[in-house]
Amino acid sequence: MTSYGSHSASSSRSGTNGLAVASLCCGIVGLFVLNIVLGPLAIVFGAVARRQAAVKNGGGMAKAGIVLGIIDVVLWLVLFSVAAHNGGFSWHVGG
């Protein structure tokens with residue numbers, strides 16, 4: 001008699017490095033919100049994942065996360081310098 005559910009869940013897991021995935025996600029989300037926080041996180045996660053790339057797959061995702069993290073930080077610096085040049089930040093609520 002054949003058992004259909006005999007394989008464990010761990011055998012079907014992919015070998016992609018979780019830090020590489022986290023780096024890529026932080027880099028992508030950082031393009032839109034909280035880029036000064038998520039950019040450095042993407043760089044750090046990507047650097048650690050690149051060191052672990054020999055053990056697990058995900059070297060390309062880690063490299064993409066590092067590049068996106070650098071873009072996040074540069075984008076924040078550009079937005080900050082433009083805001084500082086135009087007189088700073090101001091919040092307007094209401095009409």
Side-chain angles (χ1 to χ4, degrees):
M1 184 164 168
T2 306
S3 175
Y4 288 106
S6 64
H7 294 294
S8 67
S10 64
S11 66
S12 65
R13 292 179 52 190
S14 69
T16 305
N17 192 342
L19 287 174
V21 175
S23 174
L24 186 63
C25 290
C26 286
I28 291 172
V29 173
L31 291 174
F32 303 105
V33 292
L34 293 173
N35 48 2
I36 192 58
V37 175
L38 295 176
L41 280 176
I43 294 169
V44 170
F45 289 160
V48 173
R50 291 277 294 162
R51 291 183 187 202
Q52 296 175 353
V55 178
K56 291 185 176 182
N57 295 333
M61 277 194 276
K63 190 182 292 186
I66 291 171
V67 169
L68 286 171
I70 292 170
I71 291 171
D72 291 345
V73 172
V74 169
L75 180 67
W76 183 81
L77 290 173
V78 168
L79 291 174
F80 186 75
S81 65
V82 167
H85 185 268
N86 290 333
F89 297 102
S90 66
W91 296 93
H92 178 72
V93 179

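In this text the structure is predicted, and so the values were computed from the model without any measurement.
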Cluster check Val44, Ile36: I/L/V/M/F/W/Y, side chain < 4.5 angstrom = no
To the nearest 0.5 angstrom, please state how far the CG atom of Leu38 sits from the CZ atom of Phe45.
-> 9.5 Å
Expected list for residues 22-32: side-chain donor-acceptor pairs under 3.5 angstrom, two or more places apart:
| unit_1 | atom_1 | unit_2 | atom_2 | d |
| --- | --- | --- | --- | --- |
| Ser23 | OG | Ala42 | O | 2.8 |
| Ser23 | OG | Gly46 | N | 3.4 |

Donor-acceptor contacts under 3.5 Å from residues 58-69 side chains, at least two apart:
none

By side-chain hydrogen bond (donor to acceptor under 3.5 Å, both in side chains), Asp72 pairs with (sequence neighbours left out) none
List for me each residue that meets side-chain contact (heavy atoms from CB on, under 4.5 Å) alongside Leu75, sequence neighbours excluded, and say none if there are none.
-> Asn35, Leu79
